[in-house]
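Worksheet: one structure, shown below.
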There are 2 protein chains.
Amino acid sequence: MPDILEDADRLCAKTGARLTPLRRRVLELVARANAPVKAYDLLSQIDRTNTSAKPPTVYRALDFLIDAGLVHRVEALNAFVACPQAGHGHAAMLYVCENCANVTEVQGARPGQDHKPDGFTVKRSVIEHYGLCANCL
Amino acid sequence: MPDILEDADRLCAKTGARLTPLRRRVLELVARANAPVKAYDLLSQIDRTNTSAKPPTVYRALDFLIDAGLVHRVEALNAFVACPQAGHGHAAMLYVCENCANVTEVQGARPGQDHKPDGFTVKRSVIEHYGLCANCL
DNA sequence: TTTTGGTATGTAATAACATAACATGTTTTG
DNA sequence: CAAAACATGTTATGTTATTACATACCAAAA
Ligand SMILES: [Zn+2]
Ligand SMILES: [Zn+2]
Ligand SMILES: [Zn+2]
Ligand SMILES: [Zn+2]
């Protein structure tokens, strides 16, 4: 399996984004968890190596990673997951198991097709679109 | 237009849910705003008539209203909207205008079909499905 | 009618999540 | 190098949500 960190290095090299050690460390922590991670959990993990880490430290790193397309925010959980396909167009659907917390990311929501992972049983869906209404366009 | 509060009364009468004065008041406040409302805004509005209102007061009322299918939580905004069709099956999609804050709720979430309101331009979508994965079923 | 059980609300405290504002350091670029 | 741009450190505070326990209320059972 292609390493998420190497992909991130490549992607950032291409786009000019600066994947600093701190940001890379946060990405590593998010990617290593195979479940959505909370910001303050990341913070306490960073703290083990860098006592100066404070909330803005981790939120800024996460903002960078999200902008770079390396991490997604899971809105209904206030948590974060690493994107398995860094740099894709980014209309991603997440399938989150409420038992084991595993997240499957599906891309390219083509109308009509159902991209639901095999065997996944959906209990609740969050579907929110943000943009401009006809009046405000 | 049929009154949301009357619909709520009817629905609760049918299901046996107890739409108490406090809950009805919160629903009224959510319904009157024609935009997503924050819990603490509701709280301060309740406070004008009921000085004893505290955070659990409004969160409990909102939980009830959500369970009853009268209100939806807008996950990416930490806010709440009244459901225009109380009691529908409830896989709702929300289209939120980032300029005027108007929310359009569309139902019948066949993930394939596109129910986008006419003229709405989507900039960002939040699509999260919660349930059980194949391993955990 | 008293007791009991269930549901709703009151109340205090705190947990959990997130950002503002400003200072300091580090890298890039002209 | 110097200036500008970017990144991080630091303090404080703002915002959102829950826990835990007490009290009130209502209706059925004893
Ligand atoms: Zn992705
Ligand atoms: Zn699972
Ligand atoms: Zn609805
Ligand atoms: Zn609008």
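Spacing between atom CZ of A:R25 and atom P of D:dG9 amounts to 13 Å, rounded to whole angstrom units. In this structure, B:D67 places its CG atom 11 Å from P of C:dA8, rounding to the nearest Å. Spacing between atom CG of B:L62 and atom C1' of D:dT18 amounts to 14 Å, rounded to whole angstrom units. Distance, B:R60 CZ to D:dA20 P: 14 Å, rounded to whole Å. Remark: C1' of C:dA15 and NZ of A:K38 are 12 Å apart, rounded to the nearest angstrom. Taking atom CG of residue A:D63 and atom C1' of nucleotide C:dA20, one finds them 14 Å apart after rounding to whole Å. As rounded to whole Å, 14 Å separates atom C1' of C:dA23 from atom NZ of A:K54. In this structure, the CD atom of B:E75 is 13 Å from the C1' atom of D:dA17, given to the nearest Å.
Taken from CG in A:D9 to CG in A:D3, the straight-line distance is 8.5 Å, to the nearest 0.5 Å.
Evaluation of atom-type donor-acceptor distances gives no pair under 3.5 Å for the side chain of A:Y40 against the base of C:dA15. For C:dA20, its base never sits under 3.5 Å from the side chain of A:Y59 at any donor and acceptor pair. The base of C:dG6 lies outside donor-acceptor range of the side chain of B:R18, with no N or O pair under 3.5 Å.
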Chi angles and distances behind the salt bridge (Lys or Arg N to Asp or Glu O under 4.0 Å) call for B:D7, B:R10: CA-CA 5 Å; B:D7 289 350; B:R10 268 192 294 276; 2.7 Å; yes
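Between B:R73 and D:dA17 there is a side-chain polar atom (N or O) within less than 4.0 angstrom of OP1 or OP2. Phosphate proximity of D:dT8 to A:R23: present, with a side-chain N or O under 4.0 Å from OP1 or OP2. Put simply, A:S52 has a side-chain N or O that comes within less than 4.0 Å of OP1 or OP2 on D:dG9. Distances shorter than 4.0 Å separate some side-chain N or O of A:T20 from OP1 or OP2 on D:dT8. In terms of phosphate contacts, B:N78 brings a side-chain nitrogen or oxygen within less than 4.0 Å of OP1 or OP2 of D:dA17.
The heavy-atom pair separating B:I4 from B:C83 by the smallest distance is CD1-O, 4.2 Å.
Contact check for A:T104 versus A:L94: no side-chain heavy atoms found under the 4.5 Å cut-off.
Side-chain proximity of B:F80 to D:dT8, D:dA17, C:dG10: nearest is D:dA17. Distances from the side chain of A:P56 to the nucleotides C:dA21, C:dG10, C:dA20 place C:dA20 closest.
A side-chain N or O of B:H88 and one of B:E105 form a donor-acceptor pair less than 3.5 Å apart.
Between B:P55 and B:L22, the residue anchored nearer the 5' end of DNA chain C, judged by the nucleotide with its closest heavy atom, is B:L22.
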